[in-house]
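Below is one structure; the comments refer to it alone.
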Amino acid sequence: MSKQNLEQKYKKWIVILSIAIPLVVVLLFGVNLRKLGFDVAPLTFLPPIYASVNAITAILLVLAVIAIKSGNRKRHENLMKAAIGCSVLFLGMYVAYHMTSDSTPFGGKGFVRYVYYFILITHVILSVVIIPLVLITYVRALAERFDTHKKIAKITFPIWLYVAVTGVIVYLMIAPYYV
């Protein structure tokens with residue numbers, strides 16, 4: 001398969017996944033298995049774990065940029081695959097937590113409340129935006145179209161890093177209010 005065909009082949013999957021992932025997360029976010037009568041324990045141990053996975057993702061992204069800037073393409077590739085894996089792991093744990101546990105309202109007051117919601121809202125919006133950017137960036141690397149890969153990676157990297165870091169910040173800000 002030619003490199004051009006490879007990119008064409010994945011184009012429809014990028015569109016499908018970019019729409020399906022946020023929709024499925026929103027749908028599952030509204031499903032609470034306990035309220036539906038399923039005998040499942042709340043997975044309340046998950047938030048610090050998936051916040052840690054977000055922190056690891058941020059570290060992997062920074063290490064991947066350092067690797068490619070120092071000319072180590074293979075290390076960059078492996079670190080990026082690990083970052084994608086961490087993001088998928090995070091998403092699975094995040095959905096599992098919300099399907100078994102009640103949402104925790106933020107209890108902060110005053111200015112910190114505005115800061116929290118600013119970070120949370122930008123985090124959520126950019127976590128949707130980042131899906132097609134990561135997929136396009138990855139497929140361009142698979143297709144060995146490194147000129148266009150590099151161009152979009154300059155957009156993808158800071159947004160993905162922001163999403164990973166703010167995921168940790170959101171957890172740290174709401175952690176005192178978990179029951």
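The analysis underlying the following values was restricted to heavy atoms, covering all of them including side chains, and did not include hydrogens, waters or symmetry mates. This structure is a prediction, so every number in the text was calculated from the model and none was measured.
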Joint cluster assignment, [X] & [Y], ILVMFWY side-chain distance < 4.5 Å:
{"X": "Y116", "Y": "F111", "result": "yes"}
{"X": "V15", "Y": "V129", "result": "no"}
{"X": "F45", "Y": "L33", "result": "yes"}
{"X": "V88", "Y": "I19", "result": "no"}
{"X": "Y50", "Y": "I169", "result": "yes"}

Looking only at heavy atoms, what is the nearest atom pair of [X] and [Y], with distance?
{"X": "A83", "Y": "T57", "value": "O-CG2, 4.1 Å"}
{"X": "S18", "Y": "I131", "value": "CA-CG2, 3.8 Å"}
{"X": "I130", "Y": "T156", "value": "CD1-O, 3.5 Å"}
{"X": "S101", "Y": "P42", "value": "OG-CB, 3.6 Å"}
{"X": "V115", "Y": "M173", "value": "CG1-CE, 4.3 Å"}
{"X": "Y97", "Y": "L43", "value": "CD1-O, 3.2 Å"}

Measure the shortest side-chain to side-chain distance between [X] and [Y] over non-hydrogen atoms and say whether it is less than 4.5 angstrom.
{"X": "V134", "Y": "S87", "result": "no"}
{"X": "V139", "Y": "K11", "result": "no"}
{"X": "Y171", "Y": "N54", "result": "no"}
{"X": "W160", "Y": "L133", "result": "no"}
{"X": "L91", "Y": "I21", "result": "yes"}
{"X": "I68", "Y": "R75", "result": "no"}
{"X": "H149", "Y": "T137", "result": "yes"}
{"X": "Y114", "Y": "V112", "result": "no"}

[atom1]/[X]: more than 12 non-hydrogen atoms of other groups inside 6.0 Å:
{"X": "R73", "atom1": "CZ", "value": "no"}
{"X": "F38", "atom1": "CZ", "value": "no"}
{"X": "Y117", "atom1": "OH", "value": "yes"}

Please round to the nearest 0.5 Å and tell me the distance separating atom [atom1] of [X] and atom [atom2] of [Y].
{"X": "L135", "Y": "L142", "atom1": "CG", "atom2": "CG", "answer": "10.5 Å"}
{"X": "L63", "Y": "L79", "atom1": "CG", "atom2": "CG", "answer": "6.0 Å"}
{"X": "L60", "Y": "M80", "atom1": "CG", "atom2": "CE", "answer": "9.0 Å"}
{"X": "H76", "Y": "K69", "atom1": "NE2", "atom2": "NZ", "answer": "10.5 Å"}
{"X": "S52", "Y": "F90", "atom1": "OG", "atom2": "CZ", "answer": "11.5 Å"}
{"X": "L120", "Y": "T166", "atom1": "CG", "atom2": "OG1", "answer": "9.0 Å"}

Next on the checklist: Between L46 and T100, is the side-chain contact (heavy atoms from CB on, under 4.5 Å) condition met? List the steps.
Outcome noted: CA-CA 11 Å; L46 283 179; T100 61; over 6 Å; no
Checklist entry - When you look at E77 and K81, which way does the salt bridge (Lys or Arg N to Asp or Glu O under 4.0 Å) test go after all the steps? => result CA-CA 6 Å; E77 180 184 336; K81 287 178 180 174; 2.9 Å; yes
Checklist entry - Is there a donor-acceptor pair under 3.5 Å between the side chain of T104 and the backbone N or O of Y177? => result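 Looks like no, no N/O pair under 3.5 Å.
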Checklist entry - Would you say R113's side chain and F106's backbone share a donor-acceptor pair under 3.5 angstrom? => result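 Answer holds: yes.
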Checklist entry - ring-ring contact (aromatic ring centres under 6.0 Å, His included) with Y10: which residues, sequence neighbours excluded? => result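 Y10 satisfies ring-ring contact (aromatic ring centres under 6.0 Å, His included) with no other residue.
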Item to check | Partner set under ring-ring contact (aromatic ring centres under 6.0 Å, His included) for H98, not counting sequence neighbours | outcome: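 F29, Y94.
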Next on the checklist: As a quick check of understanding, evaluate side-chain contact (heavy atoms from CB on, under 4.5 Å) for Y138 and I84, giving each step before the final call.
Outcome noted: CA-CA 9 Å; Y138 185 69; I84 290 170; 3.8 Å; yes
